[in-house]
J.: 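Supplied in structure tokens, the structure appears directly below.
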Amino acid sequence: MSENIKVLISNDQIENRIKELAMQIDEDYKGKSIKLICILKGGVVFLVELAKKLKLHCSMDFMAVSSYGDSLESSGIVKILKDLDESITGQDVILVEDIIDSGKTLSHILNHIKSQNPNSVRLCTLLDKPSRRVVDDVSVDYVGFSIPDEFVVGFGLDYKQGYRNLDYVGVLSLD
Ligand code: IMP
Ligand code: MG
């Protein structure tokens, strides 16, 4: 079996789009400080690039949840493997994700976050696959790119833990 990767979104396109998102967030939260919450591991590359471009005062925290294992499909069973280190009560939170697919993972994480009474919660994702959504309680505030229903890797996204370090997003085909 060989694995082929075709470039879907180049590094230049990603960097430019992240600049735009950072400007938008700076504008929307003017005068406030925000807490960026990243879902490990996929969101981490995007979080780092986004955070470096923000002028706002921000802090970061991390959560880890179990998702697909080594399969290409969400199991829908989400387990929290690592919770937040600090309280988010009363804070303005932006949840930073690599990709929203079925939305099952995020729906679960959102409930968990909202139960801690932050002042506000918004969602920011590098990639969105809207055609795959099966939940209706997930609305995304900041989207890098909407993409078709293809399995992608790179810029944090993995297949069997590999390819996260690619500086572009590519479509993975297994043949
Ligand atoms: P959801 O619960 O179906 O929305 O799954 C979201 C999680 O599945 C993401 O945070 C990714 O870790 C993973 N995922 C979904 N689609 C892809 C993909 O195309 N490539 C790599 N990981 C993916
Ligand atoms: Mg993943």
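Worth knowing before you read on, the calculation uses all heavy atoms, side chains too, and leaves out hydrogens, waters and symmetry mates. Numbering of ligands and ligand atoms starts at 1, following listing order.
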J.: Return the orientation label for the F151 and Y159 ring planes: parallel under 30°, perpendicular over 60°, tilted otherwise.
T.: perpendicular
J.: Should D85 and K82 count as an ion pair when the cut-off is N to O under 4.0 Å?
T.: yes
J.: Does anything in residues 116-127 form a salt bridge (charged side-chain N to carboxylate O under 4.0 Å, His left out)? List the pairs, not counting sequence neighbours.
T.: D28-R122
J.: Suppose I only count heavy atoms of K129 and a 4.0 Å limit; which atoms of ligand 1 are within that range?
T.: 16 (N), 17 (C), 18 (C), 19 (O)
J.: Return the minimal non-hydrogen interatomic distance between P118 and V93, and the atom names on each side.
T.: CB-CG2, 4.0 Å
J.: For ligand 1, which atoms sit closer than 4.0 Å to a heavy atom of E97?
T.: 10 (O)
J.: With a cut-off of 4.0 Å, which atoms of ligand 1 are near a heavy atom of S102?
T.: 1 (P), 2 (O), 3 (O), 4 (O)
J.: Can you find a pair of side-chain heavy atoms, one from T125 and one from F46, that are under 4.5 Å apart?
T.: no
J.: With the threshold set at 4.0 Å, does a side-chain nitrogen-carboxylate oxygen contact exist between D128 and R133?
T.: yes
J.: Going by heavy-atom distance to atom 14 (N) of ligand 1, choose the closest among I99, L40, L157.
T.: I99
J.: Take every heavy atom of V153, measure it against each atom of ligand 1, and state whether any distance is under 4.0 Å.
T.: no
J.: Evaluate F151 for polar contact with ligand 1, using N/O atom pairs at a separation under 3.5 Å.
T.: no
J.: Just jot down the ligand 1 atoms closer than 4.0 angstrom to any heavy atom of T105, in number order.
T.: 1 (P), 2 (O), 5 (O), 6 (C)
J.: Which pairs count as salt bridge (charged side-chain N to carboxylate O under 4.0 Å, His left out) when at least one residue sits in residues 31-43, sequence neighbours excluded?
T.: K35-E86
J.: Relative to ligand 1, is E150 under 4.0 angstrom through side chain, backbone, both or neither, heavy atoms considered?
T.: backbone
J.: Which ligand 1 atoms are under 4.0 Å away from a heavy-atom of D98?
T.: 9 (C), 10 (O), 11 (C), 12 (O)
J.: In ligand 1, which numbered atoms sit nearer than 4.0 Å to a non-hydrogen atom of K104?
T.: 2 (O), 4 (O)
J.: Taking the non-hydrogen atoms of G103, is any one of them nearer than 4.0 angstrom to ligand 1?
T.: yes
J.: Any ion pair linking K53 and E49 (charged N to carboxylate O, less than 4.0 Å)?
T.: yes
J.: Answer with side chain, backbone, both or neither: which part of D158 has a heavy atom less than 4.0 angstrom from an atom of ligand 1?
T.: backbone
